[in-house]
Amino acid sequence: MNPGTAPRSVVIGCGGYLPAKVVANRDLESSMETSDDWIVERTGIRQRYIAADGELTSDLAIAASRAALADAGIDASEVDLVVVATTTPDQTFPATATRVQAGLGMVAGIAFDVQAVCSGFVYAMAIADNFLRVGQARTALVIGAETFSRLLDWSDRGSAVLFGDGAGAVLLRAEADPRDGQGRPRGILSTHLHADGRFNEALHTDGGPSSTPGRVGVVKMNGREVFRHAVEKLSSVVEEALAANALAPSQVDWLVPHQANRRIIDGMARKLGLPPERVVVTVDRHANTSAASIPLALWEATRERRFARGDVVLLEAIGGGLTWGACVIRW
Ligand code: ACO
C-alpha cells in the first residue's frame, strides 16, 4: 500500500451454497392452509432450500466460503478477518465465525458474528470495509449464512412460507487507490447503516437465551407493518447512498436488494427507474434467506458474469430491529 493513499475494499471473489433439499410452494399445501397461487402473487416466492437434519449454519458458511476462495484464487491463510452475519448461529456461543475459521483451517486473524437479521450482510460489509480502510485487516471474508427454517413456526402460514436456508460469501481486499478503466475509484464507495429499536415488535422471535432460557423462540411478524417500513426506509437509505456519491438513479447499473418479497424489490426498481434486467432477483427460487440473500444474489450474478468492471452495484436491505442499510460498490 502506498503511504498516504487511503485503501479501499475491493470484491475479489464471491461464493455461495444452497442445501440439497428444495421445498416448492405446493409441498407446503399439505401441511398448512396455503396455496402456490397465494404465495407467488403476494411474494414472488416459488420454492426455498431447507438444510438437512444436522446441517448447520457453519456448514453452509464454510461451503460458501470455499467457493469464494476458489473464485478469488486465494488460500484461506490469506484471510485475516472473518465476519459472519447470521441470526441462526450454530450455538449461542462461540461465534459461528470461529467455527468457520477453524473449518477453513485458519489459525490466525479476527473472527466474530454480526446480528442485524436481514440487514446483517450489509452491516457486515460496512464493518469489514471499516477494518480494511483503517488497515486493521487486509483480506476479509464476509459471510451471510442462515438456517432460518429452524426459527420458523410451521403452523404460522403468514411467516413460514417466506423463508429459506443458504449461505453466501464475499472476499474483500484492501487495495491502495483502486481504479476502473476510466480512472474512477473502484471498490466499496460508501456504506449507510440505520436502526430504530422502537420497532422491535414488528419482527422478532418470542424467545432467546436471556428471556426464555432453554428455548430460542420462533419468528413473529407483522407482515403489513414490515412491508410499510420496508418501502419507506429502503427508499430513504437508497437516496442517502446515491447523494453521498453524487450519483443519479440512472447511474446505478445493478440493484442487488435483500430478497424478501418481489413486490418490495419491484417497487425499489421502479423508484430507481431500473429495468428488470438490471435487478438481481433470486427470491423466486431462494425465498428470504435473511442475511444470506444478498451474498447469494451476488454469487449468482457473478457466476453469470453479469457485472462489468466499473459498474455501480447498489445493495440494500431491511430486517428485524428494525435495521436497514445500503452499500454502494463500483465493481
Ligand atoms: N397462504 C394463504 N393465505 C395467507 C397466508 C398464506 N401463506 N398468509 C396469510 N394469509 C392470509 C391471511 O390470514 C389473511 O387472511 P384474512 O384476510 O382471512 O385474515 C390474508 O391472507 C391477507 O393477509 P395479509 O397479512 O394482510 O397479507 P398481505 O397482503 O399483507 O401479505 C405478506 C402478507 C406477504 C407477509 C406481506 O405483508 C409481506 O410481504 N410483508 C413483508 C414481510 C416480509 O417480507 N418479511 C420478511 C422478513 S423482513 C424482511 O426481510 C424485510
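As the structure lists them, so they are numbered: ligands from 1, and atoms in each ligand from 1.
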Partners passing ring pair (Phe, Tyr, Trp, His ring centres under 6.0 Å) against H192 (at least two apart in sequence or in another chain): none
By chain and number, the residues contacting ligand 1 below 4.0 angstrom (heavy atoms only) are E33, T34, W38, R42, T43, C118, R157, G158, V161, F163, L203, M221, G223, R224, V226, F227, H258, A260, N261, R263, N288, I318
Greater than 12 external heavy atoms within 6.0 Å of E304's CD: yes
Considering the options T289, D165, V161, which one meets the side-chain contact (heavy atoms from CB on, under 4.5 Å) requirement together with R48? V161
Specify whether F163 and F148 have parallel, tilted or perpendicular ring planes, treating 30° as the upper limit for parallel and 60° as the lower limit for perpendicular. parallel
Check the angle between the aromatic planes of W324 and H194 and answer parallel, tilted or perpendicular using the 30° and 60° thresholds. parallel
Side chains of T147 and E55, heavy atoms from C-beta outward: is any pair under 4.5 Å? no
